[in-house]
Amino acid sequence: MFASIMEQLINGLRTGSIYALIAIGYTMVYGIAKMINFAHGDVIMVGAYALYVCIGVYKLPVLPSVIITCIFCSVLGVVLEKVAYKPLRNAPPLAVLITAIGMSYLLQSASLLIFGATPIPFSSIINVKSIVVGGITISGITIVTLIVTIIAMIILTLFINKTKAGASMRAVSEDRGAAELVGINVNKTISMTFAIGSFLAAIAGILFICQYESLKPTLGALPGIKAFVAAVLGGIGSIPGAMVGGVILGIIESLSKAYISTQLSDAIVFGVLVVVLLVKPTGLLGKIKKEKV
Amino acid sequence: MSSNKLLEVDNLNVYYGNIHAIKGVSLNVCEGEIVSLIGANGAGKTTTLQTISGLLKAKTGSVKFNGKELTKMEAHNILKCGIAQVPEGRRVFANLTVKENLEMGGITVKDTSENKKAEIEEIYKRFPRLEERKKQTAGTLSGGEQQMLAIGRALMSRPKILLLDEPSMGLSPMLVKEIFKIIKDVNESGVTVLLVEQNAKMALSISDRAYILETGKVSRSGDAHSLMEDDAIKKAYLGA
Ligand SMILES: Nc1ncnc2c1ncn2[C@@H]1O[C@H](COP(=O)(O)OP(=O)(O)OP(=O)(O)O)[C@@H](O)[C@H]1O
Ligand SMILES: [Mg+2]
């Protein structure tokens, strides 16, 4: 029993890490551009296909393929913002929301056109052996996922808290007008946010596709929406919140799939979200926004 | 006093949607001066400053700095020309430390990190209370300390002109005196000042000239001394 629970916890940690990586993108973009980028989930899909093109089509080695994938997604994120969202900087939120949904469909349709609807098999690029600790088997992909996620989060946290660029991102997210007045280039800061968020989404896409080993144009939709829930659960706008929210969501999902019901697991996840928001409307680590007097 | 016009605002018109907030305002500030812009709530003082700084766009009219047109420029580029603003309500970055706030103020300055550090030390010398609290987040400072931080942050960009929007707002009379003394010191160190105030008495007492703004229009202007002696002004703004 104990071993089985531990295994489910570790599975949950693995899925949760991927949610967390994606959730960070939602939360950073929300914090800085005050919008929900609903096309963010599809960046994961683009990352998965980009990796497939590098490895499956052009037969490139793993490391360059991963680097190309991450850079490609970062550039995609920046272009998406410049083309679709920047012209709407001062538009009503509904217009931005509809545009984001439109961008999501655009990316899915583009990959449908290029790669077709038939799922493409893809074999994992992670060849790490599983290990057994105290009777519990931990798969190679789990080990790699956890290590990569932890490293990514440490680097991101240091970047946000210790560098000037990080401080300017915090400044813009707190008060865009005041940030402009001190001469922070807000457009550049927003671009940087999209680049970082999409970079992390590419990593998530790579880890995701190594686990599921099959590509289809809608593959980003479900992890995208789960990660969005994770970001809201943790407190949208808060980076630690996105990390915690992602991990908690993954664990709840894994435990409820194993011990309650596979069909009900999504309902349980959303149930937890509703309860948390009822008790704490700003999410687990979200800050209460002080109104300016 | 030199009559070299540093900042020239000419026939400025600014709208919020259909609301015509600034109706043909013209004013100028010469190098080395302290000029006040005085007016009641809603007169358009903040709107004028925000337009000069590039946060709001004018519908018509021009803002020239050293002869260079600013109205089409982005805010961060206007700052680089040498125009810094201490905004209404201070607007320090509450979640950033005092030191980080000052660093953000100097973000456009291209210089060695030693010189930037020295710059921050200069600010600490001017405001010793900020040095004591340099590691605290700005949100934990008192109102007066936040005002000093906002001024320090603006000075970090090495401005030629400092725009201040109601620096006395919400401060005790003692602190107001202190802030006005700081403004005078800053001016004496070679920074031109455009000061927005409702506290007309204090503002006029340190100014060379002043403009009176009423519902989006300049109703009076002149040297501070004669405005202070003017009966109509006394009645409307000096509580006499
Ligand atoms: N965001 C806005 N949307 C619509 N109208 C606005 C906005 N901001 C200001 N106004 C209007 O523009 C006019 C000028 O406002 P402004 O804030 O410039 O006045 P002010 O002189 O700075 O006043 P105060 O002393 O209260 O700060 C006012 O009538 C105000 O109602
Ligand atoms: Mg005002």
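Throughout, protein chains are lettered first and strands after them, A, B, ... in sequence-line order, and every chain is numbered starting at 1. All values reported here derive from a predicted model rather than from experimental measurement.
- Contact annotation for Val92(B): only backbone heavy atoms (N, CA, C, O) come within less than 4.5 Å of a heavy atom of chain A.
- Within residues 124-138 of chain B, no residue has any heavy atom closer than 4.5 Å to a heavy atom of chain A.
- From Arg170(A), atom CZ reaches atom CG of Leu96(B) across 4.5 Å, with rounding to the nearest 0.5 Å.
- A distance of 10.0 Å separates CD of Glu180(A) from CD1 of Ile78(B), quoted to the nearest 0.5 Å.
- Counting non-hydrogen atoms of neighbouring residues, nucleotides and ligands closer than 6.0 angstrom, the OH atom of Tyr105(A) reaches no more than 12 such neighbours.
- Gly183(A) approaches Thr108(B) most closely through the heavy-atom pair O-CG2, 3.4 Å.
- Here the CG atom belonging to Leu79(B) is positioned 10.0 Å from the CD1 atom belonging to Ile184(A), to the nearest 0.5 angstrom.
- The two atoms that bring Gly177(A) and Arg91(B) nearest to each other are CA-NH2, 3.5 Å, heavy atoms only.
- Heavy-atom contacts from other residues, nucleotides or ligands closer than 6.0 Å to NZ of Lys188(A) number 12 or fewer.
- Heavy atoms only, all atoms of each residue included: Met104(B) and Lys164(A) are closest at CE-O, 3.6 Å.
- Interface check for chain A: of the options Arg90(B), His76(B), Met156(B), the most heavy-atom pairs under 4.5 Å are formed by His76(B).
- Atom OH of Tyr85(A) has more than 12 heavy atoms from other residues, nucleotides or ligands within 6.0 Å.
- How far CD of Glu100(B) is from NZ of Lys162(A): 8.0 Å, rounded to the nearest 0.5 Å.
- No more than 12 heavy atoms of other residues, nucleotides or ligands shown are found within 6.0 angstrom of CZ on Phe72(A).
- For the atom pair CG of Leu163(B) and CG of Leu181(A), the computed distance is 9.0 Å after rounding to the nearest 0.5 Å.
- At most 12 non-hydrogen atoms from other residues, nucleotides or ligands lie less than 6.0 angstrom from NZ of Lys117(B).
- Here CG of Asn95(B) is found 11.0 Å from CG of Asp175(A). Values are rounded to the nearest 0.5 Å.
- Few gaps surround OH on Tyr211(B); more than 12 heavy atoms of other groups in view lie less than 6.0 Å from it.
- At a 4.5 Å heavy-atom cutoff, the contact between Asn187(A) and chain B is made by side-chain atoms alone.
- Within a 6.0 Å radius of NZ in Lys80(B), more than 12 heavy atoms belonging to other residues, nucleotides or ligands are found.
- A donor-acceptor pair under 3.5 Å is formed between the side chain of Glu174(A) and the backbone N or O of Ala94(B).
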